[in-house]
Amino acid sequence: MAIIHIDGKSYEVKEGKNLLETCLSLGLDLPYFCWHPALGSVGACRQCAVKSFKDEKDTKGKLVMSCMEPVKDQLRISVSDKEAAAFREQVIGWLMTNHPHDCAVCDEGGSCHLQDMTVMTGHSYRNYHFSKRTHKNQYIGPFLNHEMNRCIQCYRCVRFYKDFAGGKDLDVFAAHNHVYFGRHKDGTLESEFSGNLAEICPTGVFTDKTLKQHYTRKWDMTYAPSICQGCGLGCNIIAGERYGSLRQISSRYNGAVNGYFLCDRGRYGYEFVNSERRIREVAIRGLMDHTIDPGAALQYLQDKLPPKRTIGIGSPRASLESNFVLQQLVGEDNFYLGMSDAEHDLATLALKILKKGPVRTPSMQEAATADAVLILGEDLLNTAPMMALSVRQAVRRQPLQEAMNTTHVPAWQDAAVREAMQDKHGPCYILHVQPTGLDEIATRTYHTAPDNITRIGFAVSQLLGAPVAAIKDLSEEEQQLAQAIADALLAAERPLIIAGYGCGCEGTMREAANISWALQQKGKAAMLVLTVPECNSLGLEMLGSHRLETAVTAVLDGDIDTVIILENDLYRRLDRHIADQFFQHCKEVVLLDHLYNATAEKATVLLPAGTFAESDGTLVNNEGRAQRFFQVFAGSGVVQESWRWLLQLGAATNNTRLKKLVYLDDVTQALAQSSAIFAGIDQLTPPADFRIAGQKIPREPHRYSGRTAMLANVNVSEPKPPEDADTAMSFTMEGYRGEPPSSMIPFFWWPGWNSVQSINKYQTEVGCSLHDGDSGKRLIEPAANGQAPYFSYSPDNFVPLAGHLMLVPLYHIFGSEELSVHTPAVAERMPAPYILLNPEDAQRYQVMESHQLQLSVNGHPYTFTVKIDATLHKGMAGLPVGLPGIEVVGVPVLAKL
């Protein structure tokens, strides 16, 4: 620790950090632009100047840029010095010479870092009265607007996009006062993280285009803390609403999970909430021409739910609470996991590995600290994008440390360190069926069949000392690759092994576990990441029950009359021909869901369920971290949370298991008591009766235009605001205006800090945890006994079968996820359905690029448009999972020509 003196006051601080970061951590207001806690310092904007003194006798001092000044013992500075303040005011005057006076119409107005800093420096009047330089704006895709005339040349955009996220198509052009940040020509930004530019940019150069289509000032939106539904990583988000529609998703800082950023699917895939395909009314087949009262629907179902002839099918995209209440409604023996057999097998294996293995699964921020990475059968940019961002930071660790040791420059001096590192990367090996977006940072890549990836992983674990038999029929290239991987992992201190559902192969997950366990036995701080398909796949598996296939058998055998389906489209889980038979044998199908889909067409009763924006609940991410999400607005009409519908069904049928459950707290407490693995899940957030100074936590900023405007699109008279009996939050701006618990922060705002940069006021130290800890609770920790239950099975070498193709899954960040495809901006980025072939297979079957290929899967014909890729193994065909128009499920599967 060091003692520093700021304006006559002494502070004990950590040595080695930069002075700007330290001042902000101490709660001091010091303006800045180019610096960002995740990007480090480059000293470009000159806005954070302070006066530095040699000692207590020095009265003159000198101006220094605080972002470039390291903290050291007995450092003496002044933030309030008149010369420093005048310099900062002059700097922002320079920056504003070409900035337009368009705050009144700028999307960032009222939530702009530039506005905050202008006020903070005292630059109240413009002294520049001449012509401003102007730039032509670019079309950069469906996610972002580009308004280059607002730029102040802070360089944040290219530093994030190129240096941090690895993007290639955004750059800086020209020099001096004519610097231009954009693409070499108009076109969609290609990075999966481009949307972060809207938050990284301290002005309005890059703004959210989806918000602009239904624009609302930031202070006139209702907000709630939430969890992204786009994949299994559980990124924290803030949902913003106005007039009963979801307007924006922005990142919610969590120092353990996603940090400051989001992927584009998580940020922009929200429009399904506002979709015209929403189920908004209760419907009963045969009475479709009548408006059905919810009470009448519940009465209709009273005698339709015989206890022994009714089953419930859960969902990996529904909350734990909703799945639990359905399980209690129908009974544990009659509850089925709504996952395909392939998904279920992978989720079951992942849970087994996490519970019984001795190696800890890291959070995304912990994964970024790895110094060697091995990825087995996973295309992270398309299956778990934010984990890919962590891998990009991890491969910098080794060369970063070498550069720091050589140049004696701290890591936060970003430009100097990157200059010393050049293009060096730490050890990273990627084995997948085809090239991935991370291949450019890999030490070596290898593209082969999933079984062959498993075999190489098996060989690596054997080389690391795992008690498994050696594989003797590997090729020389595969043996050399296995040896190189083993050597690199042994040389590392914090090796990271990643596998999951990406290639649909259990073997890659088993071998990832074997390798991590063997490394742990060698004394390494090994980390193991297993991806899961959906936002609550692991939580549903932890709840436990029967396979979906068993439910199909029970219905086809005539043992079941009524099926209750929770937020699930079974046509995405089952072969469509089997699904058709399933529904033909059901007498009653009760569906609770958000959108009309193929399953809704078969339902006899439709109950409109709230989306994540209209619901409260808990999700469990891939590391076993339980996190709470809150509704940002009450569902319109009869739309309500699934768990609430199910409780009402229970009351209508006099279900004794649900008799005492009324509110969300009741459900979470019952869930916490149902199994040891859910212990403490009712403590994730304060209960509904929690108050601060007798007040609830408002979802609306205190600058909100007033309750008279809440429903101005419906009625000019002031309505009674909705009440929230399930949480300690209010749907109005009335409430406690101070800092709420971290798990319930609906938006980040601080006096003088109206933009997202206000996050620093909520952190113990800038870039670290929030004041009372980051939200969420890990439900799974490594096995206490430390014994590794090694897997000993290894598959045979993949051999193509004549007249057949092994279909392997391919994933797309835009298109593979079920709900985000109903967002117009995301739909614009989706590829058309296709099948990927090796050139030799294409020649063998006499097809070329764009030709049609017909295959038979499980005896049913399917036709696909051909694409050709020489990296794909012969005898395999890549099939994009989840894309509209792709009806084959249960991949990998063998297809006949």
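These numbers come from a predicted model, not from an experiment.
Remark: the T668 side chain and the E321 side chain contain no N/O donor-acceptor pair separated by less than 3.5 Å. Judged by distance alone, the side chains of S194 and D264 do bring a donor and an acceptor atom under 3.5 Å apart. For the residue pair E541 and T348, a side-chain donor N or O sits within less than 3.5 Å of a side-chain acceptor on the partner. Donor-acceptor pairing under 3.5 Å is lacking for the side chains of W643 and N323. In the model, Q627 has no side-chain atom that pairs as donor or acceptor with a side-chain atom of S775 under 3.5 Å. Counting only N and O atoms by type, the side chains of T732 and E734 include a donor and acceptor under 3.5 Å apart. Of the N and O atoms on the side chains of E199 and S251, at least one donor lies less than 3.5 Å from an acceptor on the other residue. Checked by atom type, the side-chain pair S111/E108 shows no donor-acceptor distance below 3.5 Å. With 3.5 Å as the limit, one finds a donor-acceptor pair spanning the side chains of T222 and E700.
Around NZ of K352, the count of heavy atoms belonging to other residues, nucleotides or ligands within 6.0 Å does not exceed 12. Counting heavy-atom neighbours within 6.0 Å of E781 CD, excluding the residue itself, gives a total above 12.
E765 meets the salt bridge (Lys or Arg N to Asp or Glu O under 4.0 Å) test with K14, K17; sequence neighbours excluded. Residues meeting the side chain to side chain contact (heavy atoms under 4.5 Å, CB included) test with Q229, sequence neighbours left out: C535, F612, L619. Taking R392 as the reference, E440 meet the salt bridge (Lys or Arg N to Asp or Glu O under 4.0 Å) condition, with sequence neighbours excluded. For R644, the salt bridge (Lys or Arg N to Asp or Glu O under 4.0 Å) partners at least two apart in sequence or on another chain are E641, D726.
Between H5 and Y11, the distance from one ring center to the other does not fall under 6.0 angstrom. Less than 6.0 angstrom separates the ring centroid of Y260 from the ring centroid of Y253. The aromatic ring centres of F164 and F193 sit 6.0 Å or more apart. The aromatic ring centroids of Y762 and W750 lie less than 6.0 Å from each other. Side-chain rings of W749 and H702 approach one another, their centers coming within less than 6.0 Å.
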Which donor-acceptor pairs under 3.5 Å do side chains of residues 684-694 form with protein atoms, sequence neighbours excluded?
unit_1 : atom_1 : unit_2 : atom_2 : d
T685   : OG1    : R628   : NH1    : 3.1
R691   : NH1    : A688   : O      : 2.8

Item to check | Criterion side chain to side chain donor-acceptor pair (under 3.5 Å) on E378 and T531, from CA distance to verdict | outcome: CA-CA 9 Å; E378 200 68 39; T531 65; 3.2 Å; yes
Checklist entry - For Q757 and D116, what are the C-alpha separation, side-chain angles and deciding distance, and is it a side chain to side chain donor-acceptor pair (under 3.5 Å)? => result CA-CA 10 Å; Q757 310 298 325; D116 292 344; over 6 Å; no
Checklist entry - Does the salt bridge (charged side-chain N to carboxylate O under 4.0 Å, His left out) test come out yes or no for R247 and D208, once each step is laid out? => result CA-CA 10 Å; R247 302 294 176 95; D208 186 339; over 6 Å; no
Item to check | Trace of the side-chain contact (heavy atoms from CB on, under 4.5 Å) decision for R317 with L819 | outcome: CA-CA 10 Å; R317 63 174 167 86; L819 299 178; 4.2 Å; yes
Next on the checklist: Show, in sequence, the C-alpha distance, side-chain angles and deciding distance for D414 and R159, and conclude whether the salt bridge (charged side-chain N to carboxylate O under 4.0 Å, His left out) test is met.
Outcome noted: CA-CA 9 Å; D414 190 64; R159 292 178 59 220; 3.7 Å; yes
Next on the checklist: Before you tell me yes or no, could you show the steps for Q763 and L24 under side-chain contact (heavy atoms from CB on, under 4.5 Å), namely the whole-Å CA-CA distance, both residues' side-chain angles and the distance that decides it to 0.1 Å?
Outcome noted: CA-CA 10 Å; Q763 296 168 323; L24 294 174; over 6 Å; no
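Residues S755 and C112 are not in side-chain contact: their nearest non-hydrogen atoms beyond the backbone lie 4.5 Å or more apart. Using a 4.5 Å heavy-atom threshold, the side chains of P362 and L496 count as touching. K696 places none of its side-chain heavy atoms less than 4.5 Å from the side chain of M729. Looking at heavy atoms from C-beta onward, L19 lies in side-chain contact with I77 at the 4.5 angstrom threshold. L438 places a side-chain heavy atom less than 4.5 Å from the side chain of L380. Between S315 and L540, the closest side-chain pair of non-hydrogen atoms is not below 4.5 Å. The shortest distance between side-chain heavy atoms of P740 and P746 falls below 4.5 Å. Between N760 and E21, every side-chain heavy-atom pair lies at or beyond the 4.5 Å cut-off.
A donor-acceptor pair under 3.5 Å links the side-chain atoms of R252 to the main chain of I237, judged by distance alone. With K777 contributing its side chain and Q683 its backbone, the two residues share no donor-acceptor pair below 3.5 Å. At least one donor-acceptor pair closer than 3.5 Å links the side chain of R156 to the backbone N or O of W35. Between the side chain of S41 and the backbone N or O of M68 there is no donor-acceptor pair closer than 3.5 Å. Side chain of D73 to main chain of I3: a donor-acceptor pair is present (N/O by atom type, distance under 3.5 Å, no hydrogens or angles). In terms of modelled atom types and a separation under 3.5 Å, the side chain of S642 and the main chain of S322 share no donor-acceptor contact. Of the possible polar contacts, none joining the S226 side chain to the I238 backbone as a donor-acceptor pair under 3.5 Å is found. Under a 3.5 Å cut-off, the side chain of R265 and the backbone N or O of G230 do form a donor-acceptor pair. Using modelled atom types, one side-chain atom of E614 and one backbone atom of T611 make a donor-acceptor pair closer than 3.5 Å. Between the side chain of R703 and the backbone N or O of D220 there is no donor-acceptor pair closer than 3.5 Å.
Note that CZ of R397 and CG of D371 are 9.5 Å apart. Values are rounded to the nearest 0.5 Å. The distance from the CG atom of L211 to the OG atom of S250 is 10.0 Å, given to the nearest 0.5 Å. C263 SG to L381 CG: the interatomic distance, rounded to the nearest 0.5 Å, is 9.5 Å. Atoms CG and CG, from L530 and L346 in turn, are 10.0 Å apart once rounded to the nearest 0.5 Å. Considering CE of M527 and CG of L519, their distance stands at 11.0 Å, rounded to 0.5 Å. Summarising the geometry, atom CD1 belonging to I813 is positioned 8.5 Å from atom OG belonging to S820; distances are rounded to the nearest 0.5 Å.
Ionic pairing of E15 and K72 is not present here: no N-O contact between side-chain nitrogen and carboxylate oxygen is shorter than 4.0 angstrom. A salt bridge links E366 with R360: the distance from a Lys NZ or Arg NE/NH1/NH2 to an Asp or Glu carboxylate oxygen falls below 4.0 Å.
Residue pairs satisfying the side-chain hydrogen bond (donor to acceptor under 3.5 Å, both in side chains) criterion with at least one member in residues 735-745, sequence neighbours excluded, are listed as follows: E739-H771, S742-D772.
For the pair R699 and Y223, the cation-pi criterion (under 6.0 Å, within 45° of the ring axis) is not fulfilled.
The aromatic rings of F160 and F261 are tilted relative to each other, their planes meeting at an angle between 30° and 60°.
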